Amino acid sequence: MIELKDVNYGYGGADLLVGASLSLGAGSFHFLTGPSGAGKTTLLKLCYRELQASSGRITLFGQDARDMGRDDVSDLRRRVGVVHQDCQFLDHLSLAENVALPLLVSGHASDPGNLKELLGWVGLGDQAGSLPAELSGGERQRAALARAVIMSPDVVIADEPTGNVDWEMSQRLLQLLIELNRMGKTIIIATHDMNLIRAAKAQVSARVVRIKDRRLQIAGADL
Amino acid sequence: MIELKDVNYGYGGADLLVGASLSLGAGSFHFLTGPSGAGKTTLLKLCYRELQASSGRITLFGQDARDMGRDDVSDLRRRVGVVHQDCQFLDHLSLAENVALPLLVSGHASDPGNLKELLGWVGLGDQAGSLPAELSGGERQRAALARAVIMSPDVVIADEPTGNVDWEMSQRLLQLLIELNRMGKTIIIATHDMNLIRAAKAQVSARVVRIKDRRLQIAGADL
Amino acid sequence: MSGGTQGRAVFSAETAADRVVPPTGFTARLTLFAAAAMAFLAVFALALSLATGRLADRWASELARTATVRISTTQDQRVAQTRAALKVLETTPGIASARALSLEEEQALLEPWFGPAMPIASLPVPQLIEVIEDENGYEAEGLRLRLMAEAPGAVLDDHTRWRRPLVQAAERLRTMGWIALALIAATTGAMITLAANAALSANAQVIRVLRLVGARDKFIAAAFVRRFTLRAFSGAVGGTLLGMLAVFMLPGASAEGSFLTGLGFQGLHWLWPLSVPPLAGAVGFLATRLAALRVLKGLM
Amino acid sequence: MSGGTQGRAVFSAETAADRVVPPTGFTARLTLFAAAAMAFLAVFALALSLATGRLADRWASELARTATVRISTTQDQRVAQTRAALKVLETTPGIASARALSLEEEQALLEPWFGPAMPIASLPVPQLIEVIEDENGYEAEGLRLRLMAEAPGAVLDDHTRWRRPLVQAAERLRTMGWIALALIAATTGAMITLAANAALSANAQVIRVLRLVGARDKFIAAAFVRRFTLRAFSGAVGGTLLGMLAVFMLPGASAEGSFLTGLGFQGLHWLWPLSVPPLAGAVGFLATRLAALRVLKGLM
Ligand SMILES: Nc1ncnc2c1ncn2[C@@H]1O[C@H](COP(=O)(O)OP(=O)(O)OP(=O)(O)O)[C@@H](O)[C@H]1O
Ligand SMILES: Nc1ncnc2c1ncn2[C@@H]1O[C@H](COP(=O)(O)OP(=O)(O)OP(=O)(O)O)[C@@H](O)[C@H]1O
Ligand SMILES: [Mg+2]
Ligand SMILES: [Mg+2]
């Protein structure tokens, strides 16, 4: 679904990523790790075309990222659910409306039953009417995950989705992602939480990609 | 330094905290845990008077929280360094300026040597000139910690300071806090990371407070 | 978990896209107020321009008969010299018409001086020729010389030319009214543009989120454009109505006698201020559209 | 790690507090532009008001001699009736002065009609009395009756009253100028207030952060107030200068003859527009201060 080939990227200064190659096949499950500031968020942004590679080739759903028009990018974002590290919401809309936002902007009607079930799963059943400012840090993260998956996207990209939630809740969120993966969705998760990776590996065949010294490494055995 | 006695608090609806009593003595080291949405951030906000208790008594540095005027609150915030869960910066100032902001607003001159050493410790020596928007999630968290401790405050309140950083970095940040504690500062950290708590307990006599079912529990043995 | 198409929607269909733009805030009020205030001033300036225009027209026509040619000569030469003078006047550029006054007219003119009982015919009253200039005016010195040659008894008397500055003043006022109107229009446009830009900058976060969850540029721009066009338009409607009311209620505007000099709109002129709201709406539309596309261009 | 007091400061001392307020953005430009535009319009309206005021004054004084009393009677009664009429006029409320014209003056008045050669003394020319009203005006019908009783040969002729509407019109224009000025002032105030509020709302995050790191209300308010007062002031300075330049450059403003009717400031009147920037600054100061304290009140 998503392919990076020999990709270089840097924010103006020195390159942050050098010669990065990665292939996220349909139904695959990846973890992305690496020290803080290594470029995990940057790599993920390349995958949903928030950034464009300085060199190399990125193919998204078979289309070259460089050839995509602005509306193509919008369509891409509807097929890719993203949990951003800094969960961004519309502050004037309720949690339920925020979670249903991808449906709204793509012209789909939202099914209240589905929405309720999803909110219940991430433990926000009681907070549907709350404004984003009235949520706790972990609740915002869970809402961001709910928003990422409500369109039932082909690919789910989650950047540090469990940084602010307790262990039990992170297991639940992982469960949700694993279930989606079993339905054939492609999943990639950036995380620092080795326990989470271990827990996932016990249930699905997940691969771990590590950013080290500006390069991507497949870290299979070292966990 | 900070004393809560029989404190109740709720955001309009049902009470979130009931009969909470907690005493943070000078030089003490506390962890605050509990599931996401339990009220950790809320409890900490009561400690730096971002919120006021609905009932019960909160004493901050010997002063009743209810009797504090607006300028008293400003003075309090200079004696209490806070790492907020959603790290908030001034987007138009550089990282160094943001970290030095508490000095500026209290009319102190900042010592560039100190600042540099501090930034180096949290691993941001190279990013002093970056704008907040150019930082990674973990870098923002580290900057928030640096800003919290730059005034060498009597109390450091850290809300989830390691949610977005890798294990090695979280050890480093913990080291910084432990060192401050050894200098006699009072520390309280809200976290989900049990490993962090264990690592700390190996070095200082830290107490763990847990919020469960709207009540505060001292969880000593269960780790 | 998929986006089903049945069931009650979270957003009601009508207002769905509008909901994504935050409802209030000072920038909103600012747009509304700027549109209203500038529309109000525009109506006022319009009324001023039209009123001074009427004033200038009236004075211009009333004071146009500014010159007289007086023919003082012996009775037998009178007719011949009058005809000669008229001929000169007819061929003088800048003169719209020239007409010899009848005895009765002269008597009427002199009545204030001598009363109605005065037997004018028995006096050596000179023949008077009323000269009406066209808008360009004539060249007095040249005319004087030509008259002297053709009709030695004719004297051009344009002493009433002192009134000309009044007409000029009124016309300058009218010009200034239009300049003020143009300035206000330009300021309105700039103000609405800036307010729309400020509001959009304040909503940069909203735009970013919408773009991140897959909204197309057209959807995002439309949501803002609709909102701001409406704001500029309804603000201008309010300001225009208030302005028209204020103009209507100004003392003297409705008084019978002074209707020509009073501030206010006459007849079809009442339609003029109605053009203000659509113009404001159009400015709001363009400003918001450009601003939205500008903000969007900065986002991937 | 403590906040040492030696060493080079991260913030330069002078601009330290100012740095905490974000430098640019549309709301800033909006404040600046609103102040400038409104100052420009205010200067324009001021010039308009002063110019129409001068116009009204001039016309009022020029057209004040609007009435004449004509005494047509036999030569022997003439002096007695003139005296009687003058007495009546002197005691009539609304009349500032009344004066019998001399023979020479009457001749001068008639000269346009009969030419300079006319022997006026040999004609039955009536005695004329020039009547100057005060600003209230007199009651014409009552005066007529009283004159009929005291001096039967006296006829009041206020045919020149048709000029009164001109003065009224000029005065109405002057009033309208002042109303426009008041409106523009009010709009300026509201616009600057709203712009300051919008800017502060856009900076709510900045205020929150400052409050969280221990800044006092006074420090925060001052940082914004300084910035916005300066913006309102310097915007108004720019607008005022532009406005004065525009007024100065208007055609006719500097032409010798028309200086009374031209738009423009005369002498000390040039000082009037200089009051605009301080006023705008004061409005900016108050608006920002109130807005900042309002935002702060919502924060712990
Ligand atoms: N917009 C930007 N402009 C300039 N530099 C940037 C920008 N965004 C990120 N960086 C820098 O690029 C590096 C990598 O950032 P990135 O957010 O990808 O890290 P990360 O691996 O996600 O870290 P974390 O685990 O802390 O979230 C960081 O050093 C950061 O300072
Ligand atoms: N301003 C607010 N208004 C109303 N409810 C609020 C507000 N802030 C927080 N809450 C609610 O209070 C509860 C506790 O929030 P709090 O932020 O204290 O949780 P927390 O323990 O810090 O959770 P986390 O670990 O996710 O950060 C949550 O359910 C949240 O929805
Ligand atoms: Mg990151
Ligand atoms: Mg929290």
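Hydrogens, waters and symmetry mates are skipped; everything else that's a heavy atom, side chains included, is used. Every chain is numbered from 1 and lettered A, B, ... according to where its sequence line falls, protein lines coming before strand lines. This is a predicted model, so every value here is computed, not measured.
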> Hey, are the side chains of B:Asp166 and A:Pro35 touching, using non-hydrogen atoms and a 4.5 Å cut-off?
Replying inline: yes
> OG of A:Ser170 to NE2 of B:His192: how many Å apart, nearest 0.5 Å?
Replying inline: 9.5 Å
> Quick one: what part of B:Ser36 sits under 4.5 Å from any heavy atom of chain A, side chain, backbone, both or neither?
Replying inline: both
>> Tell me which pairs pass salt bridge (Lys or Arg N to Asp or Glu O under 4.0 Å) where either residue lies in residues 33-58 of chain A, with sequence neighbours left out.
In response: A:Glu50-A:Arg77, A:Arg57-A:Asp64
> Do any pairs count as a side chain to side chain donor-acceptor pair (under 3.5 Å) and have a residue in residues 118-133 of chain A, sequence neighbours left out, and if so which ones?
Replying inline: A:Gln127-A:Glu139
> What's the shortest heavy-atom distance between A:Asp86 and B:Arg140, and which atoms?
Replying inline: OD2-NH2, 4.2 Å
>> Surrounding CZ of A:Arg207 (heavy atoms of other residues, nucleotides or ligands, distance under 6.0 Å), is the total greater than 12?
In response: no
> Based on non-hydrogen pairs under 4.5 Å, which of A:Gly137, A:Gly34, A:Ala38 is most in contact with chain B?
Replying inline: A:Gly137
>> Using heavy-atom distances under 4.5 Å, tell me whether A:Asp193 contacts chain B through its side chain, its backbone, both, or neither.
In response: neither
>> Counting heavy-atom pairs under 4.5 Å with chain B, which one of A:Met169, A:Glu160, A:Glu168, A:Gln141 comes out on top?
In response: A:Glu160
> Measuring from A:Trp167:CH2 to B:Thr33:OG1, what's the distance to the nearest 0.5 Å?
Replying inline: 15.5 Å
>> So for A:Asn164, is it side chain, backbone, both, or neither that comes closer than 4.5 Å to the heavy atoms of chain B?
In response: both
